[in-house]
Amino acid sequence: DTEVTQTPKHLVMGMTNKKSLKCEQHMGHRAMYWYKQKAKKPPELMFVYSYEKLSINESVPSRFSPECPNSSLLNLHLHALQPEDSALYLCASSQSPATRSSYNEQFFGPGTRLTVL
Amino acid sequence: GDSVTQMEGPVTLSEEAFLTINCTYTATGYPSLFWYVQYPGEGLQLLLKATKADDKGSNKGFEATYRKETTSFHLEKGSVQVSDSAVYFCALTTISGGYNKLIFGAGTRLAVHP
């Protein structure tokens, strides 16, 4: 299984709602990532989890709260979002979080398209 | 810091035309290089990769060669199809804060017409 799955595919929420995005992989990867992608732009890294621990937070507002319950699952909890947070949210995973002597290919999921009203 | 520069799009071609999308990079050390493709409404798929100088990555008729002397990784295809219409991202991996990070170029939109 070389797939990263994400649910839901689409999400519409109001600014007062609380919702969660889910990401799952069964490749035995120990690094998982959240990216945000605005239209016609490349993905921007939000968070990196390494061995289920938060390793990198790219100065993301606290209204985004990541969680890694186990090595296969990654969640992104959303609360009090703003309309400018509307974007495609991509999850990715890689075999291990950091090596200096070799590449570390990231596998991406299909994304959740989020609209904040 | 490390960065990737891609040619600006959109690139518009007729079916069976030759494709080149230019990509150059700036990096310390020896990054690995990637081309990702994003079809409309979808996530990113790895198209091809190269991990050291002079490596050639290839997949689905696409090719790119890791050129250290010119710091380039240009994407080529001999005969494009309508189904190749997508956004193509050149990327490299870099070590930042002790972890591998992907640095993306701005992306190049390709439109292929019958």
Side-chain angles (χ1 to χ4, degrees), chain A residues 2-7 9-10 21 23 25 27 29-51 53-59 87-114, chain B residues 1-6 8-10 21 23 25 27-53 55 57 59 66 73 86-111:
Chain A
T2 58
E3 194 178 15
V4 176
T5 59
Q6 289 187 245
T7 54
K9 191 172 175 62
H10 300 276
L21 310 185
C23 172
Q25 57 88 13
M27 295 178 277
H29 289 174
R30 303 313 300 273
M32 296 186 77
Y33 311 78
W34 279 116
Y35 289 84
K36 174 182 178 180
Q37 186 181 24
K38 300 286 276 185
K40 299 186 179 181
K41 295 290 186 182
E44 298 174 16
L45 183 65
M46 300 173 72
F47 302 104
V48 178
Y49 270 84
S50 168
Y51 297 94
K53 288 188 177 5
L54 183 61
S55 303
I56 294 179
N57 176 340
E58 294 283 17
S59 303
L88 181 68
Y89 288 84
L90 294 164
C91 174
S93 69
S94 65
Q95 188 171 15
S96 64
T99 59
R100 284 195 173 273
S101 60
S102 65
Y103 70 92
N104 223 312
E105 178 180 335
Q106 292 188 23
F107 292 80
F108 283 82
T112 293
R113 188 160 299 281
L114 174 68
Chain B
D2 294 356
S3 65
V4 175
T5 302
Q6 284 181 244
E8 286 192 26
I21 300 178
C23 171
Y25 67 90
T28 55
Y30 304 96
S32 294
L33 302 174
F34 303 86
W35 277 101
Y36 282 88
V37 59
Q38 187 171 32
Y39 297 101
E42 298 186 11
L44 271 69
Q45 299 177 25
L46 180 66
L47 182 59
L48 51 84
K49 61 195 178 194
T51 60
K52 61 184 188 297
D55 268 3
N59 185 26
Y66 190 143
F73 193 54
V87 179
Y88 292 81
F89 291 98
C90 185
L92 62 81
T93 51
T94 186
I95 298 288
S96 176
Y99 294 92
N100 261 300
K101 292 175 69 172
L102 265 178
I103 305 294
F104 288 96
T108 302
R109 184 174 301 276
L110 170 65

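A, B, ... follow the sequence lines: proteins, then strands. Residue 1 opens every chain. Heavy atoms only: backbone and side chains are in, while hydrogens, waters and symmetry mates are out.
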(message) What part of B:Gln38 gets within 4.5 angstrom of chain A, counting heavy atoms only: side chain, backbone, both, or neither?
(response) side chain
(message) Is B:Leu44 close to chain A through its backbone or its side chain, or both, or neither, when contacts mean heavy atoms under 4.5 Å?
(response) both
(message) Parallel, tilted or perpendicular, judged at 30° and 60°: which one describes the rings of B:Trp35 and B:Phe73?
(response) parallel
(request) Select one option (side chain, backbone, both, neither) describing which atoms of A:Gln37 are under 4.5 Å from chain B's heavy atoms. (result) side chain
(request) Look at the rings of A:Phe107 and A:His29 and say which category their plane angle falls in: under 30° parallel, 30 to 60° tilted, over 60° perpendicular. (result) tilted
(message) Is it the case that over 12 heavy atoms from other parts of the model lie below 6.0 angstrom from the CD atom of A:Glu58?
(response) yes
(request) Applying side-chain hydrogen bond (donor to acceptor under 3.5 Å, both in side chains), name anything that partners B:Thr108, two or more places apart in sequence or on another chain. (result) B:Gln6
